[in-house]
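Quick notes on the structure that follows.
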Amino acid sequence: MRRRARGEIILACIARCEEFLVSAALGAMVLLVLTQIVLRNFFSIGIPGGAEVVRHLVLWVAFLGAGIAARDRKHIKIELAGHLVTPTAHRFFELVTGLFSVIICSILFYASITFVYVDYQGGGAIAFFNVPVWILQVIIPVGFAVITLRFTLRFVENVRSLVKGE
């Protein structure tokens with residue numbers, strides 16, 4: 001039996017956390033929306049800040065889903081010349097697009113940290129729940145960090161296979 005490397009164990013833990021969190025966020029979102037519907041239709045009241053929490057939960061589901069898609073290599077990928085070029089040229093294009101993905105995701109990771117920090121300094125909170133807005137937005141830099149990590153690992157893997165001549 002092959003012993004798993006520490007990196008594989010960490011990535012497996014991240015995957016389990018993503019799957020749990022996406023399920024929890026989706027469940028909370030559905031539960032909150034259904035509660036809002038019942039309260040509005042039968043009691044003519046709602047949960048203050050409920051709609052804002054649902055919007056932030058949509059962010060959580062989207063970023064966790066993007067991380068899962070990057071993990072499973074099911075993210076949106078445009079392959080114009082993949083079938084028209086030689087396998088060596090195809091690997092080169094994969095390297096270029098992989099590097100481009102890492103750079104863009106790194107920039108977005110940095111920008112998202114700045115975005116969340118600005119909201120942290122603003123000190124805004126969601127009514128009723130009394131949750132600071134920045135806590136609900138922390139998924140944005142975390143999501144970009146995970147996606148960047150996955151693209152970086154894939155890029156390194158592609159460089160290794162190109163160097164080995166595979």
When every non-hydrogen atom of Ile140 is compared with those of Phe115, the smallest separation belongs to CD1-CE2, 4.0 Å
Can you list everything that forms a side chain to side chain contact (heavy atoms under 4.5 Å, CB included) with Ser23? Sequence neighbours excluded, please. none
Atom of Ile139, atom of Leu136 and distance for their closest heavy-atom approach: CG2-O, 3.9 Å
Quick one: do Leu31 and Val131 end up in the same hydrophobic cluster if we chain Ile, Leu, Val, Met, Phe, Trp and Tyr together by side-chain heavy atoms under 4.5 Å apart? no
What distance separates Leu149 CG from Cys105 SG, expressed to the nearest 0.5 Å? 11.0 Å
Listed by chain and number, what are the side chain to side chain contact (heavy atoms under 4.5 Å, CB included) partners of Val22, not counting sequence neighbours? Val61, Leu64, Ile68
Listed partners of Leu95 passing side chain to side chain contact (heavy atoms under 4.5 Å, CB included), at least two apart: Phe155, Asn158, Val159, Leu162
State the CG-CD1 distance between Leu108 and Ile103, to the nearest 0.5 angstrom. 12.0 Å
Do the side chains of Val118 and Val142 join up, straight or via other hydrophobic residues, at under 4.5 Å, putting them in one cluster? no
Looking at every non-hydrogen atom in both residues, tell me the closest pair between Ile135 and Trp60 and how far apart they are. O-CZ2, 4.0 Å
Is there a side chain to side chain contact (heavy atoms under 4.5 Å, CB included) between Val163 and Arg160 once you walk through the steps? CA-CA 5 Å; Val163 167; Arg160 283 185 183 155; 5.8 Å; no
Partner set under ring-ring contact (aromatic ring centres under 6.0 Å, His included) for Phe109, not counting sequence neighbours: none
Check for a donor-acceptor pair, side chain of Arg71 on one end and backbone N or O of Arg150 on the other, with a separation under 3.5 Å. no
Indicate if Phe151 and Tyr110 have the same hydrophobic cluster label, given that clusters are the connected sets of ILVMFWY residues with side-chain heavy-atom separations under 4.5 angstrom. no
Is the backbone N or O of Thr35 less than 3.5 Å from a side-chain atom of Arg40, with the two atoms forming a donor-acceptor pair by type? no
How far does CD of Glu8 sit from SG of Cys13, to the nearest 0.5 angstrom? 12.0 Å
Does the pair Val33 and Ile37 meet the rule for a side chain to side chain contact (heavy atoms under 4.5 Å, CB included), with working shown? CA-CA 6 Å; Val33 168; Ile37 291 169; 4.0 Å; yes
Using ring centroids (six-membered ring only for Trp), state whether Phe63 and Phe144 fall under 6.0 Å. yes
What residues form a ring-ring contact (aromatic ring centres under 6.0 Å, His included) with Phe20, not counting sequence neighbours? none
Give me the atom names and distance for the closest heavy-atom approach of Pro141 to Ser112. CA-OG, 3.1 Å
Nearest 0.5 angstrom please: Ile104 CD1 to Leu99 CG, how far? 10.0 Å
Rounded at 0.5 Å granularity, tell me how far CG in Leu21 sits from CG in Leu26. 12.0 Å
I'd like to know if Lys164 pairs up with Glu157 as an ion pair, taking the criterion as any Lys NZ or Arg NE/NH1/NH2 lying under 4.0 Å from an Asp or Glu carboxylate oxygen. no
I'd like a table of donor-acceptor pairs (distance under 3.5 Å, sequence neighbours excluded) in which one partner is a side-chain atom from residues 47-57, with atom names and distances.
unit_1: His56; atom_1: ND1; unit_2: Glu52; atom_2: O; d: 2.9

